[in-house]
Amino acid sequence: MAERTEGERLTELAKRRGYYFGSSDAYGGVAGFYTYGPQGAALKSNVEDAWRDRFAVQEGNMEIDAPTIMPEPVFEASGHLDGFDDMLVECAECGESHRADHLIEDNSDLEDAETLSVEEAAERIADLGLVCPNCGADLAGQSVEDFNLMFETNIGPGSSTAGYLRPETAQGIFVEFPRIKEYARNRLPFGVTQVGRAYRNEISPRKSIVRTREFTQAELEQFVDPERDEPDLSSVEDVEVLLYPADEQQADDGDYVETTIGAAVEDGIVANAWVGYFLGVAQEWYERIGVDVDRFRFRQHLPGELAHYSSDCWDAESEVDGDWIEIAGFSYRSDYDLSKHAEHADEDFTVFRQYDEPKTVERAVVDPDMSVLGPEFGGAAGGVKQALETLAERDPDAFDADEVTVEVDGESYAVDTDVTNFAVEEQTESGEHVTPHVVEPSFGVDRTVYTLLAHAYEEDEVDDEERTYLSLAPAVAPRDVGVFPLVSNVDELVDLAEDIVDDLRTAGLSVFYDDSGSIGRRYRRQDEVGTPFCITVDRDGLEGDSETTVTIRERDSGRQVRVPVDALAAELESVRADDRTFADIAAEYEEVTNA
RNA sequence: GCACCGGUGGUCUAAUGGCAAGACUUUGGCCUUCCAAGCCAAUAAUCUGGGUUCGAUUCCCAGCCGGUGCACCA
């Protein structure tokens, strides 16, 4: 037992107890896809609900639900098409993989090797006599492989419209921004969330549900005015966090920085206040759902890891089996995403921001006489008009001369200044269009679930016997409570237990009824799936004149208290909602000491 | 994708070129006791395909799945 790693024991338990298992096993299985069993589906759904509550409801944000398939142009705009279309060539000697396009570009005057087909790239490599940069072996004859991490599909019959399964949920939000901003009444800041599946055709899925080809993300896109909006840090400034900044990672004796969100933002460790705000929110949220804070940190991206548009990015990481796994990313993305879509799509991805006072500005304008330009320039007239408008904005002085010259498609056109109707007009501007900046907290739901299970996995000894239990937080545990009659051959006990099951289910709790085998066995069963409480109906609770009582047993400690039947639903709900703890309940009622 | 190792009931293991064994779990029955240990019974497995062989779960090859390392993770 001791030799098996945490991950192996977890995988075994997950399979046996219905948390998750490899999909399509009946057909040999398929790498990178997992099915959540009854417990896992409930746990995951509880995690998603908890995330929704914190990042959508409590923040006053909007949630949308976009399709998982989107047409090709979306990913042309987002950069995923190019970004994923890497050509790799592998060295036969040392096994190292290299970007084929980069190798060719570095060793020839070709600038756009990315546009080559894989066959052409392989030919170039042979022609240029390229060798492996790692070991120097000849790369000629090695096949060049196309790497597209997006799943491609066809939309509709035939194959006219190419589509892709989204590699992240975020694009669904960015693409719909022009309409969503209307729902936000064009006022920044506002946040949009989405919880859903995303797909990446990973080369090598690993580590059970940590790296899969289909996974669930919970993402928030916070749209802010970069010049005006500041987060309200007051609610998180005292939150304590363990930071691992880039410079500490690079230092020989690099160490963590234990600080508070307020101090980290003030000291500039976390450069962006919005990022800092969400780190604080996330820290508290992770704690609440049961992440072990001693095995949790925020790690800053190293300069080399940063996407070129991102000025600061932090990952939330949890420790499992000595490895740190990324469970969320907090990225300042500037206006990159919306600007990209604005370039490619025919919609307005800006928000109109009104000035405090309308401004009067002088603006140079032209109103060319097309009845002259048309006959004179023919088909180029339209282009000339546009060029004149641009010129008036950029260089109004040019219109002081009798004649202005503009270039359209390489041709020069001279226009009589009178014909342009150049004028400097006073205009009233009430505001301006701004492209919002984006702060993106992006959570991996599956990895969060994995972390919760790994951090909840406990083994201890009760009466010299080994016990395995999942110390899951009541807020996310798949089952809220188990209900047992102490023995199954006493009708009174069974009847009352069944009544309690009905009552608790009516109250919205997830209840598991069990009357088979010894009571200890039933407790163990629930311990292993992580049910936080078990209610046992015994004779003692039915005797005497006072109200009927049953015992509630707490999973981690095994402590029991005797609680009136009428109080059960309210007590259990309050614990699930984090309003009370078992200790509060224990203090209020009589503790059972036999056992 | 490469390399190495592995793949037997739900789970963990055993064994075997000739009827595949055990433990735990599960289910039914008995029992009735607050922490998996009682009794009886039942269900349930050799990853897939090809080859060698009279016969393959076993040996060989390929694939699939899993673990580890490398690479990859925009």
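Bear in mind that the values here come from a model prediction, so they are computed numbers and not experimental data. A, B, ... follow the sequence lines: proteins, then strands. Residue 1 opens every chain.
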Centroid-to-centroid, [X] to [Y], below 6.0 Å?
X: A/Phe330; Y: A/Phe443; answer: yes
X: A/Phe298; Y: A/Phe296; answer: yes
X: A/Phe484; Y: A/Tyr523; answer: yes

Separation of atom [atom1] in [X] from atom [atom2] in [N], rounded to whole Å:
X: A/Tyr469; N: B/A36; atom1: OH; atom2: C1'; answer: 16 Å
X: A/Tyr164; N: B/A74; atom1: OH; atom2: P; answer: 19 Å
X: A/Leu13; N: B/C24; atom1: CG; atom2: P; answer: 19 Å
X: A/Arg16; N: B/A36; atom1: CZ; atom2: P; answer: 16 Å
X: A/Arg522; N: B/U33; atom1: CZ; atom2: P; answer: 12 Å
X: A/Arg17; N: B/U26; atom1: CZ; atom2: P; answer: 7 Å
X: A/Phe151; N: B/C73; atom1: CZ; atom2: P; answer: 17 Å
X: A/Met150; N: B/C73; atom1: CE; atom2: P; answer: 15 Å

Base, sugar-phosphate alone, or nothing: which one does [X] contact when heavy atoms must sit under 4.0 Å apart?
X: A/Glu528; value: base
X: A/Arg206; value: base
X: A/Ser208; value: sugar-phosphate
X: A/Asp538; value: base
X: A/Ser516; value: nothing

Q. Starting at the 5' end of RNA chain B, which residue's closest nucleotide do you reach first, A/Val30 or A/Asp323?
A.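 Going by which nucleotide is closer to the 5' end, it is A/Val30.
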**Q.** First of A/Arg467 and A/Arg447 reached from the 5' end of RNA chain B, by closest nucleotide
**A.**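 Residue closer to the 5' terminus by nearest nucleotide: A/Arg467.
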Identified pairing partner of [N], criterion: Watson-Crick or G-U wobble below 3.5 Å:
N: B/C39; value: B/G29
N: B/A23; value: B/U11
N: B/C65; value: B/G6
N: B/U53; value: none
N: B/U16; value: none
N: B/C70; value: B/G1

If you check the [X] side chain, which of [options] turns out closest?
X: A/Ser204; options: B/U11, B/G1, B/A74; result: B/G1
X: A/Ser488; options: B/U32, B/C73, B/A71; result: B/U32
X: A/Ala31; options: B/G66, B/U11, B/C70; result: B/G66
X: A/Tyr34; options: B/C35, B/G66, B/A36; result: B/G66
X: A/Gln560; options: B/G1, B/A36, B/C34; result: B/C34
X: A/Glu202; options: B/C35, B/U11, B/C73; result: B/C73
X: A/Arg200; options: B/U11, B/U33, B/A74; result: B/A74
X: A/Leu486; options: B/A74, B/U11, B/C34; result: B/C34
X: A/Glu12; options: B/C12, B/A71, B/C34; result: B/C12
X: A/Asn489; options: B/C73, B/U32, B/A36; result: B/U32

Roughly how far apart, to the nearest Å, are [N] and [M] at atom [atom1]?
N: B/C31; M: B/G38; atom1: C1'; answer: 8 Å
N: B/U68; M: B/U16; atom1: C1'; answer: 29 Å
N: B/C72; M: B/C59; atom1: P; answer: 37 Å
N: B/G10; M: B/C35; atom1: P; answer: 33 Å
N: B/G22; M: B/A14; atom1: P; answer: 16 Å
N: B/C47; M: B/G6; atom1: C1'; answer: 12 Å
N: B/C2; M: B/A36; atom1: P; answer: 50 Å
N: B/U52; M: B/A62; atom1: C1'; answer: 15 Å

Q) OP1 or OP2 of B/C35 sitting under 4.0 Å from any side-chain N/O of A/Arg555? A)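 No, because none of the side-chain N or O atoms of A/Arg555 sits under 4.0 Å from OP1 or OP2 of B/C35.
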Q.
Using OP1 and OP2 only, check whether a side-chain N or O of A/Arg521 sits under 4.0 Å from B/U25.
A.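 For B/U25, OP1/OP2 do have a side-chain N/O of A/Arg521 under 4.0 Å.
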Q | Side chain A/Gln249, main chain A/Gln300, donor-acceptor under 3.5 Å | A |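 Yes, A/Gln249 side chain to A/Gln300 backbone: donor-acceptor pair under 3.5 Å.
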(Q) Using a 6.0 Å cut-off, check whether atom CZ of A/Arg539 has over 12 heavy atoms from anything other than its own residue. (A)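 No, the 6.0 Å shell around CZ holds no more than 12 heavy atoms from other groups.
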So, under a plain 3.5 Å distance rule, would you say the side chain of [X] forms a donor-acceptor pair with the base of [N]?
X: A/Arg211; N: B/C72; result: yes
X: A/Tyr523; N: B/C34; result: yes
X: A/Arg553; N: B/C35; result: yes

Please say whether the positively charged group of [X], taken as NZ for Lys or CZ for Arg, lies over the ring of [Y], i.e. under 6.0 angstrom from the six-membered ring centre and within 45 degrees of the axis.
X: A/Arg467; Y: A/Tyr469; value: yes
X: A/Arg479; Y: A/Phe512; value: yes
X: A/Arg299; Y: A/Trp324; value: no

Q | Salt bridge flag under 4.0 Å for residues A/Glu528 and A/Arg524 | A |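 No salt bridge links A/Glu528 with A/Arg524.
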